[in-house]
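Since the structure comes first, as structure tokens, the remarks are kept for the end.
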Protein chains: 2
Amino acid sequence: MKWIESSMVEKVNQQSKAPRTYGQFCALARSLDVVGDRWVLLIVRELLPGPMRYSDLKSSLAGIATNLLASRLRDMEANGIVERRLEESGVVYGLTDWGAALREPMEALGRWGTPLLATGRGDDSFQPRWLTLALPALLQGVAVAPAVEVGIEVDGFLMVLRVDEEGPQAFVRPDQRPRTVLAAAPDVVVALAAGGITVDQALAAGTLEGDGRALRRVFADGR
Amino acid sequence: MKWIESSMVEKVNQQSKAPRTYGQFCALARSLDVVGDRWVLLIVRELLPGPMRYSDLKSSLAGIATNLLASRLRDMEANGIVERRLEESGVVYGLTDWGAALREPMEALGRWGTPLLATGRGDDSFQPRWLTLALPALLQGVAVAPAVEVGIEVDGFLMVLRVDEEGPQAFVRPDQRPRTVLAAAPDVVVALAAGGITVDQALAAGTLEGDGRALRRVFADGR
DNA sequence: CCGCATCCTCATGGATACTG
DNA sequence: CAGTATCCATGAGGATGCGG
């Protein structure tokens, strides 16, 4: 019988290399086996507003090594939380339904960690699209009728925050520019949503286009 | 939510060694800077039912290296999520209020990962006290009046599941043994709470002491 | 025993260079 | 653009030691 080649052995060993697992019969532990690795939840956060390409992921996630991003995307695909799709524009990565369902625990964890933002931005990196996760998370439980739509513009990036009787939602690429748009710095928007400052203080610190009544309905009346 | 809690912010900032941080102005990323390291959330899970000693933590968390546990507890104390207390019985580690507030994101993540339990226990480790996190998480939204208390006994460990109009809660060390106690294997209890099996199927698979009506009010009527 | 600290090994993460 | 390949630094896991 012929001895197998060393290259095959390496491959086999790579494949059979058991991934590091907690080995616990616990939903939390098994979740962490899937999403507990470094960068994984941040990749999910990037993809929540919609599919992205590899290079866009890499530039949004300042500091991630390219091999690590590739490795994570492979693992996440194998675990069923992202899908690699080949579209006309090229390769895009999008969340599966199960992956998108991570929004709830991620919102909860973001709410928990909001006090950590009190130290300010410093020279941390920031992407406006992250606010599409943060704003609905911070406004959980807020409901208004009839529905209100306000634009939030940060660093020239426009998103729409909509609150109806169901609760808050945030979108990118709105069909049309809302009548009321608040343009402000990231920390101002976050402090407003977290209830740390009032609408009037936010208006003084930022710029507003349209009237502030819609803002008050979302950030003041609703709570 | 409270916006600025300067004491906790100072604690977080006074970490001695420069920790590996994502460097992002995002509540989720900053949360992961604090609780994203391996074992951290599992240590929190252990401490949620109540303070524990070092050696009990170590034996509950099969596979954690002793130096790692010590290091994590130091970091978690510096980050303001655990407190090291010296009691008559010795050194105990307990959660701060902020640390205990991790229950919500952890419940959400556990709910997300519950499908991962479908493969069964295998030879994974298991601690009955983990169910005090899982059961209320899986029964979220369930409310009954008047209140029901049922005992859940797994591996000889008895806990009490109480559901009232506020929602579900689970305790250890009950004042008195509930009139109805379900003794069953971990997977049976989980499947019951997750809605994968009915009360009658669970009763067939496990043993019941008392009548099943209380169980049905929690696991059937409530949903 | 309990509560760690030290030492060692190897897997994982991070930075950079390179390629189809 | 979408990744590999490579090398080095760091972190995790396991055994052992050690003072209280």
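Letters go in sequence order (proteins before strands), and every chain restarts at 1. This one's a predicted model, so the numbers in the text were calculated from it and none came from an experiment.
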For [X] and [N], what is the distance between atoms [atom1] and [atom2] respectively, to the nearest whole Å?
X     : N      : atom1 : atom2 : value
B:I43 : D:dA12 : CD1   : P     : 11 Å
B:L68 : C:dA5  : CG    : P     : 12 Å
A:W39 : C:dG13 : CH2   : C1'   : 11 Å
B:D33 : D:dG11 : CG    : C1'   : 16 Å
A:L61 : C:dG13 : CG    : P     : 15 Å

Tell me yes or no: between the side chains of B:T119 and A:R30, is some donor less than 3.5 Å from an acceptor?
yes
Upstream residue (5' side of DNA chain D) when A:V91 and A:R20 are each assigned their closest nucleotide:
A:V91
Scan A:S55 against the nucleic acid and name what it touches under 4.0 Å (heavy atoms): base, sugar-phosphate only, or nothing.
sugar-phosphate
For a quick check of understanding: with a heavy-atom distance under 4.0 Å over all strands, which category does A:G90 fall into, base, sugar-phosphate or nothing?
nothing
Closest approach to the side chain of B:R72, judged atom by atom: which nucleotide of D:dA12, D:dG14, C:dG3 is it?
D:dA12
The side chain of B:A70 is closest to which nucleotide in this list: C:dG13, D:dA2, C:dC4?
C:dC4
Once hydrogens and angles are ignored, does a donor-acceptor distance under 3.5 Å link the base of D:dT6 to the side chain of A:N67?
yes
